[in-house]
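Written out below as structure tokens is the structure these notes cover.
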Amino acid sequence: QIAESRFLASTARSALQKGETELAANLALYALPQRFPPDSGARPFVTDAAQALYAAIDNDRLKVVFSYRNFLVSPDYRSPDRSIAFSPDGALILGLASSTTARAWSALSGSVIASFIGDSPITGFALSKKANTWAVAREAGVIQLLRANSLELIQTVRIGESKLGKIGLAPDGRKMAIVADDASAIIWDIAAGRKLADLRGHSGVVNSIAYSPDGKWVATGSEDKTARIWDSESGQLLYALTHPSAIYRVVFSPDSGFL
């Protein structure tokens, strides 16, 4: 299995050289153990595969957040939200260890590096790699801004809404887009400490919210089978896109040209 993992890692690097970044990332993931530490008889940890994965993620053509699939994450990961993200330097995996705890694991060893525990359940989180900031939203109307590489608390933002949902963080880390109740969202200016705009128009629960990489737009996805794109400054609705079924995740392409 070690030889196979090294072969997959080598193939991943070859794919990356050809510009096939997504294929490279998938090959590298497959070459890694599904749990850390690896179970007896499971695929072993091969450093070449981890390095190939980092190389794929660092490539400017691939800006992704992997869904949790037990790769490289220690067994204490118990959150119902299985989204994870890599820290800006690629050394840490950021995720939720429980309903109230944010955690950072070493991407190489799977060991716990830092934890941040709060009083109320976490409803969503977002990462701004440019600002090295991780935003964690909690049910009690509080958003905590953490330094992504250390989980050091930078600032606590108190929103007037009683219950918060999913959250998006602007690329420069200066604004947030927040699901404020079941069918609406707001844009919040962090420095000014005030709401800039309401995003209203969905008729169902808003499941996902995200900023475009260039910071110009905010996208929302809803149970009402629509994705909506809003101006990130004014909150004006720009596009309403229909879908055959409910939308659970919205993500922009790296150049902000596709949703």
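Since the model is a prediction, treat every value here as computed from it, not as a measurement.
Of the possible polar contacts, none joining the S184 side chain to the R200 backbone as a donor-acceptor pair under 3.5 Å is found. Side-chain atoms of S232 come within 3.5 Å of backbone N or O of G215 as a donor-acceptor pair. Between the side chain of N207 and the backbone N or O of I247, at least one donor-acceptor pair lies under 3.5 Å. Using a distance-only test at 3.5 Å, with no hydrogens or angles considered, no donor-acceptor pair links the side chain of T100 to the main chain of S120. A donor-acceptor pair under 3.5 Å links the side-chain atoms of S222 to the main chain of V205, judged by distance alone. Of the possible donor and acceptor atoms, one in the side chain of S212 sits under 3.5 Å from a partner among the backbone N and O of K216. Remark: the backbone N or O of G204 is not paired with any side-chain donor or acceptor of H202 at under 3.5 angstrom. For the pair S10 (side chain) and R6 (backbone), a donor-acceptor distance under 3.5 Å is absent. With hydrogens and angles disregarded, no donor-acceptor distance shorter than 3.5 Å links the side chain of S14 to the backbone of A12. Panel note: side chain T242, backbone T226; no donor-acceptor pair is recorded below 3.5 Å.
No chain of hydrophobic side-chain contacts below 4.5 Å, direct or via other Ile, Leu, Val, Met, Phe, Trp or Tyr residues, connects L237 to L241. Both I159 and L169 are assigned to one and the same hydrophobic cluster, defined by single-linkage of ILVMFWY side chains at heavy-atom distances under 4.5 Å. If you chain together hydrophobic residues whose side chains sit under 4.5 Å apart, L196 and M176 never meet in one group. At a threshold of 4.5 Å between side-chain heavy atoms, the hydrophobic network of Ile, Leu, Val, Met, Phe, Trp and Tyr places I229 and V250 in one connected group. In the hydrophobic cluster analysis, where Ile, Leu, Val, Met, Phe, Trp and Tyr join through side-chain heavy atoms closer than 4.5 angstrom, I143 is grouped apart from V179.
Using a 4.5 Å cut-off on side-chain heavy atoms (C-beta onward), I187 and Y211 make contact. Side chains of V142 and V157 form no contact here, defined as non-hydrogen atoms less than 4.5 Å apart.
A49 and A28 make their closest contact through O-CB, 3.7 Å (heavy atoms, listed as atom of the first residue, atom of the second, distance). Residue A135 comes nearest to I167 through the heavy atom pair CB-CD1, 3.9 Å, listed as atom of the first residue, atom of the second, then distance. In terms of heavy atoms, K225 sits closest to A246 at CG-N, 3.8 Å. Annotation for A104 and L94: closest pair CB-CD2, 3.8 Å, computed over non-hydrogen atoms. Between Y248 and S208 the shortest heavy-atom distance is O-CB, 3.5 Å. Contact between R158 and W188 at its shortest, heavy atoms only, is O-CZ2, 4.0 Å.
Note that the CH2 atom of W134 and the OG atom of S128 stand 14.0 Å from one another [nearest 0.5 Å]. Put simply, CD1 on I122 and CZ on R138 are 4.0 Å apart, with the number rounded to the nearest 0.5 Å. Here CZ of F7 is found 13.5 Å from CG of D48. Values are rounded to the nearest 0.5 Å. Separation of atoms CD1 (I178) and NZ (K195) is listed at 10.0 Å; rounding is to 0.5 Å. Annotation: the span from L164 atom CG to I186 atom CD1 amounts to 7.5 Å, rounded to 0.5 Å. Atom-to-atom distance recorded for S87:OG and K129:NZ is 8.0 Å, nearest 0.5 angstrom.
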Any chance you could lay out the side-chain contact (heavy atoms from CB on, under 4.5 Å) test for T133 and L127, step after step, and finish with the verdict?
CA-CA 6 Å; T133 302; L127 174 69; over 6 Å; no
Which is it for W230 and L238 under the side-chain contact (heavy atoms from CB on, under 4.5 Å) test, yes or no, and what are the steps along the way?
CA-CA 5 Å; W230 317 76; L238 302 176; 5.8 Å; no
Applying side-chain contact (heavy atoms from CB on, under 4.5 Å) to R174 and D189, what does each step give before you reach the verdict?
CA-CA 6 Å; R174 296 179 180 178; D189 185 308; over 6 Å; no
Side-chain donor-acceptor contacts of residues 145-155 below 3.5 Å, not counting sequence neighbours, with atom names and distances?
from	atom 1	to	atom 2	distance (Å)
R147	NE	E152	OE1	3.4
S150	OG	E152	N	3.3

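Under the 30°/60° scheme for interplanar angles, the aromatic rings of F252 and W217 are found to lie parallel.
For T101, the side-chain hydrogen bond (donor to acceptor under 3.5 Å, both in side chains) criterion is met by S98, not counting sequence neighbours.
Other residues, nucleotides and ligands contribute only 12 or fewer heavy atoms inside 6.0 Å of the CD1 atom of I2.
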